[in-house]
There are 2 protein chains.
Amino acid sequence: MSGGVKPKTPKRTAVATPDPDGRAMGTTERVAEIIRQGIRTSQFVPGQHLVEIDLTQRLQISRSSLREALRHLNGDGIVSMGRYRGTHICRLDRRAIDDLLEVLEQLVSLAARRATKAPLEKRRLLDAAVEASGKSLNGVDNGNPMLVRQTFYDTLFEISGNDELPRVTPLSRADLFRAQIRPYQSHEEQRKHAEGYGLIAQAVLSGDPVKAEAAVRAHFEATRQMVDRLPPQAVE
Amino acid sequence: MSGGVKPKTPKRTAVATPDPDGRAMGTTERVAEIIRQGIRTSQFVPGQHLVEIDLTQRLQISRSSLREALRHLNGDGIVSMGRYRGTHICRLDRRAIDDLLEVLEQLVSLAARRATKAPLEKRRLLDAAVEASGKSLNGVDNGNPMLVRQTFYDTLFEISGNDELPRVTPLSRADLFRAQIRPYQSHEEQRKHAEGYGLIAQAVLSGDPVKAEAAVRAHFEATRQMVDRLPPQAVE
DNA sequence: CCAGATGAAATCGTCAGACGATATTGACGA
DNA sequence: TCGTCAATATCGTCTGACGATTTCATCTGG
């Protein structure tokens, strides 16, 4: 009886762990989200080398699963994978940032235009999200600006009603951009930026697509000017 | 000496096979491209079940590598992976197609606008690509329309000079859409569609961004009308 | 004391095989 | 014919392995 040769550890069978939001999530998706979140919270910084063995031990997963997650992030342009050289969090140079902002502007404009035609109660949701963000920034308890940003865009895309938009919009790359320039941004600049979200939300709430698009364009124009004022080492 | 226990088959070490275009390509990238190409050539059709063991044998690769490739395609929205249910080539319903076309229109518009400002010799390249396509369609030797399409868009993005555009533009999903409606399209409709590329190319060549954008909008408007005329079973 | 050679360690891409869990299918009986 | 149940197919994940290449520290000669 007790002479079994194999102790046979419980062998955690990874059967779709429910995630904090309640939805079921495969290991791959979960790990990819952890890394994305890690970028937002500066646990990972652009340029950092991600050693596979390290991560498998930290996250308690196999290399296969980890690599599937990394491959996913690689497809999104979040990490670069080079043979023998390893996986690195992408760093964006000025050129990449310009290109990224231009594409983002187009897609967010579309989202804002569409959002103006959403039912009023949905549009209120967007305004509410921004309201909450404004409070957390003015208050002493500095709510994570990255989380605010994410909520804003998630809500905007949600009420835009176009399912393709969140799929193609490179929000994760924008997170990369934000993470990269964060050390060079003043608190005042962050506040100003958050105001932009408020203006967009109000324009969407007004129901005028032209106004909404104008607000988005202004927001991105301001972002571009902010980028221009950045020290060179911030953008490679 | 000769009593070695392990015959040790050559053990093909997969050290970055050079691809047809000369660039080095990892197994994952190569497999993903094979599947994408398979969709364009109807070797794979929307809705089809991709059995992993089958593909590993057909492509002579390990399941790990295959799954990394599938994960990549999954991120691009080309295949859906459901636990225990397997991997399937995505099928787009009418709603998904509408959303896709709307996003595509925005991104291609941007590309066309930017392209008008490219050096003249580059703009000529685009026109040349379309010329070749026109010939292959009018001639008896029916050049693959999907290849033509791909060349057109690749060239357009190339000369647009924005590196983010090809990354985010869901061209592969558009391939999916094309593959799905192909059985319901007449030859005449395909010719008409190819003409649209020609008009866009000419507008880009003219150097007028307003004209170029208008050409793109007209092209997508025509595509939408074509979709409206499609039988219901073509769009789920 | 420093520059180049050299060898060991680290890391990656790929492969092979295994196991538990679930969906699917086909046989069987009511 | 239709529902039940067992066998099969397939998937997600894990473990372990191996060759190839980069990286880094050590060693040697000038």
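Computed over heavy atoms, backbone and side chain alike; hydrogens, waters and symmetry mates excluded.
- Spacing between atom CD of B:Glu68 and atom P of D:dC14 amounts to 14 Å, rounded to whole angstrom units.
- For B:Arg85, counting side-chain heavy atoms from C-beta on, the closest listed nucleotide (C:dT24, C:dT22, D:dT13) is C:dT24.
- We find that CZ of A:Arg71 is positioned 12 Å from P of C:dC12, with the value rounded to whole Å.
- One can place CZ of A:Arg30 at 12 Å from C1' of D:dG12, the figure rounded to the nearest angstrom.
- Side-chain atoms of B:Arg63 come within donor-acceptor range of the base of D:dG12, with a qualifying N/O pair under 3.5 Å.
- Of the candidates C:dC12, D:dT13, D:dC11, the closest approach to any side-chain atom of A:Thr28 belongs to D:dT13.
- Within 4.0 Å of A:Glu52, counting heavy atoms only, lie sugar-phosphate atoms of the nucleic acid but no base atom.
- Contact between the side-chain N/O atoms of B:His49 and the OP1/OP2 oxygens of D:dC11 is found at a separation under 4.0 Å.
- Regarding A:Arg83, its CZ atom lies at a distance of 10 Å from the P atom of C:dC15, rounded to whole Å.
- Each of A:Ser64 and A:Gly86 lies near DNA chain C, and the nucleotide nearest A:Gly86 is the one positioned closer to the 5' end.
- Residue A:Thr28 holds its OG1 atom at 8.0 Å from CD1 of A:Ile61, rounded to the nearest 0.5 Å.
- In this structure, a donor-acceptor pair under 3.5 Å is absent between the side chains of B:Ser64 and A:Arg67.
- Protein atom CD1 of B:Ile53 is 11 Å distant from nucleotide atom P of C:dA16, rounded to whole Å.
- Across all strands shown, A:Ser65 has heavy atoms under 4.0 Å from sugar-phosphate atoms exclusively, and none from any base.
- Taking atom OH of residue A:Tyr84 and atom C1' of nucleotide D:dT21, one finds them 5 Å apart after rounding to whole Å.
- The A:Ile61 side chain lies nearest to D:dC14 when the options are C:dC12, C:dT14, D:dC14.
- Checked against ring-ring contact (aromatic ring centres under 6.0 Å, His included), B:Phe220 has no partners two or more places apart in sequence or in another chain.
- Atom C1' of nucleotide D:dC11 and atom CG of B:Leu70 are separated by 12 Å, given to the nearest angstrom.
- Residue A:Leu66 is out of contact with every strand shown, counting any heavy-atom pair closer than 4.0 Å.
- Side-chain atoms of A:Gln185 and A:Arg178, non-hydrogen and from C-beta on, do get closer than 4.5 Å to each other.
- Here B:Thr27 does not reach the OP1 or OP2 of C:dG13: none of its side-chain N or O atoms lies under 4.0 Å away.
- Summarising the geometry, the separation between NE2 on B:His88 and C1' on D:dT10 is reported as 10 Å, rounded to the nearest angstrom.
- Take A:Tyr153 and apply the ring-ring contact (aromatic ring centres under 6.0 Å, His included) test, not counting sequence neighbours, and it matches A:Tyr197.
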